[in-house]
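The block underneath contains the structure these notes are about, expressed in structure tokens.
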Amino acid sequence: MLRLDRYLAEAGAGSRSEVKKAVSSGLVTVDGAVVRDYSRKVDPSANRICHRGIPVVRDTSVCYLFYKPAGCVTARRDRSDRTVMDYFPEALRDRLSPVGRLDKDTEGLLLVTDDGALNHRLTSPAHHVEKTYYAVLDAPLPGDAVDRFYRGLDIGDEKPARPAVLALCEPDAAAACQGVCQALVTVTEGRYHQVKRMFAAVGCTVVFLKRTAFAGLTLEGLSPGEYRKLQSDELERLRSRKRTGEQKSL
Ligand code: URA
């Protein structure tokens with residue numbers, strides 16, 4: 001459910017102030033009845049919303065939550081490797097793009113969408129989307145690792161990594177590789193090989209990596225190679241994420 005004025009503006013019926021005026025003037029109907037309260041909540045998938053008698057339809061873009069298996073590359077095309085797009089029907093492939101990337105040997109949650117604005121919003125460094133990874137390590141973590149992750153690690157870039165939340169956890173029996181210790185780490189950036197470099201900075205090599213959550217979404221109900229379409233409320237929540245500062249941050 002979202003506010004009527006927001007829906008109309010996002011569907012291109014005018015600026016936020018223009019659509020508010022249109023609603024107050026009685027030019028907008030919801031399921032055939034004039035609605036003058038522009039803050040009224042509507043469900044675009046269930047309500048028929050018209051402006052001056054013409055149905056207002058927002059773009060029909062889609063977003064899939066994909067469980068990327070290890071061994072495929074996050075690309076639309078590749079000469080030698082299987083790509084994440086190969087898991088989608090041919091008819092969809094041309095319009096979809098992955099949201100950010102996971103390394104070839106990383107498995108886990110990857111969004112795939114045809115909504116360029118959403119893709120940009122979720123990958124833009126300004127938005128600090130939370131991503132959680134389950135990592136299996138080849139060595140025990142040093143005693144001060146949690147603190148060092150939280151303070152912001154030097155991973156060899158110009159700027160240190162943003163604060164990350166690290167917690168030791170039980171082994172995941174389904175993980176392809178067992179190691180000396182396992183941890184969950186939540187980061188709000190998407191730098192190249194970020195998680196592997198963070199663990200390297202505290203003396204550990206990642207031997208298995210899986211992204212378990214992205215912007216509050218999880219892999220629940222999916223197996224590697226499977227995907228599901230995000231529901232309209234999930235999509236709405238992603239679209240209405242605020243920039244950092246307005247957002248609950250780590
Ligand atoms: N960090 C990494 O090092 N690899 C990934 O695939 C994702 C995050």
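Only this structure's heavy atoms are used, side chains among them; waters, hydrogens and symmetry mates stay out. Order of listing sets the numbers, starting from 1, for every ligand and every atom in it.
Partner of R95 under the side chain to side chain donor-acceptor pair (under 3.5 Å) criterion, out of D114, T113, D115: D114 alone.
Take D157 and apply the salt bridge (charged side-chain N to carboxylate O under 4.0 Å, His left out) test, not counting sequence neighbours, and it matches R191, R197. Applying the salt bridge (charged side-chain N to carboxylate O under 4.0 Å, His left out) test to R48 and every residue at least two apart in sequence or in another chain returns nothing. Applying the side-chain hydrogen bond (donor to acceptor under 3.5 Å, both in side chains) rule to Y87 yields the partners R82; only residues at least two apart in sequence or on another chain are considered.
The ring of Y38 has its center no closer than 6.0 angstrom to the ring center of Y7.
Using a cut-off of 4.0 Å between Lys/Arg side-chain N and Asp/Glu carboxylate O, R101 and D103 are scored as salt-bridged.
If you look at ligand 1, the protein residues with a non-hydrogen atom under 4.0 Å away are L102, D103, T106, Y133, H193, Q194, V195, K196, L209.
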